[in-house]
Amino acid sequence: MENHSKYRVVAKAVKHNGQAGEQVYRASYRILDHIGEEIEASTGTNDFSDITSAFNEAFALGHERLRELGVDTVQ
C-alpha cells in the first residue's frame with residue numbers, strides 16, 4: 001500500500017510581543033509530506049494571551065489548509 005498522499009500538520013504557538021509590549025502568542029503551522037519534507041508553512045494573524053488558544057488555532061488552520069488542498073492526513 002502506497003503512502004505518498006499522506007500529510008501531517010505540525011502546529012505550534014509562537015511567542016512574541018504585542019502592540020503594547022505584552023507577551024502574546026500567534027498560531028503557526030507546517031504541513032509535512034509522508035517523508036517529513038515541509039510543503040507549506042504559515043503563521044496566523046491573531047494574537048492570543050494564552051498558548052493553548054494559539055496552538056488550537058494553528059492546528060485548525062493547518063487542517064483547514066489540508067482540506068483546501070484536498071489531501072489525506074495521517075491519523
Side-chain angles (χ1 to χ4, degrees):
M1 179 176 170
E2 290 187 31
N3 194 26
H4 68 277
S5 65
K6 299 294 182 184
Y7 293 85
R8 294 184 282 151
V9 172
V10 177
K12 65 180 179 177
V14 179
K15 180 173 44 173
H16 68 101
N17 292 325
Q19 290 182 343
E22 76 281 19
Q23 181 175 297
V24 294
Y25 299 91
R26 189 165 285 179
S28 177
Y29 71 85
R30 295 183 307 142
I31 296 175
L32 307 177
D33 67 10
H34 71 287
I35 58 172
E37 294 290 324
E38 183 178 290
I39 62 164
E40 185 171 307
S42 184
T43 301
T45 58
N46 297 324
D47 291 335
F48 295 93
S49 60
D50 67 296
I51 196 168
T52 302
S53 294
F55 176 79
N56 288 341
E57 180 175 86
F59 197 70
L61 289 172
H63 278 277
E64 176 61 29
R65 182 63 181 138
L66 283 178
R67 281 189 290 279
E68 289 171 1
L69 296 171
V71 297
D72 296 330
T73 61
V74 175
Q75 298 296 325

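Source: prediction; values computed, not measured.
The CG atom of D33 sits 13.5 Å away from atom NZ of K6, with the distance rounded to the nearest 0.5 Å. To the nearest 0.5 Å, the span separating CG on L66 from OH on Y7 amounts to 9.0 Å. Within the model, atoms CG of N46 and CZ of R26 stand 8.0 Å from one another, a figure rounded to the nearest 0.5 Å.
The heavy-atom pair separating G62 from I31 by the smallest distance is O-CD1, 4.1 Å. Heavy-atom minimum distance, A54 versus A27: O-CB, 3.3 Å. Residues F55 and A11 come closest through the heavy atom pair CE1-O, 3.3 Å.
Taking hydrophobic clusters as Ile, Leu, Val, Met, Phe, Trp and Tyr residues chained together by side-chain heavy-atom distances below 4.5 Å, V9 shares a cluster with I39. F59 and V14 sit in two unconnected hydrophobic clusters of ILVMFWY residues. Membership requires side-chain heavy atoms under 4.5 Å apart, directly or through other members.
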Kindly list each side-chain donor-acceptor pair under 3.5 angstrom involving residues 15-23, sequence neighbours excluded, with atom names and distances?
residue, atom, partner, partner atom, Å
H16, NE2, D47, OD1, 2.9
E22, OE1, A20, N, 3.0
Q23, NE2, Y25, OH, 2.9

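Evaluation of the salt bridge (charged side-chain N to carboxylate O under 4.0 Å, His left out) test over residues 50-66, restricted to residues two or more places apart or in two chains, returns E40-R65, E64-R67, R65-E68.
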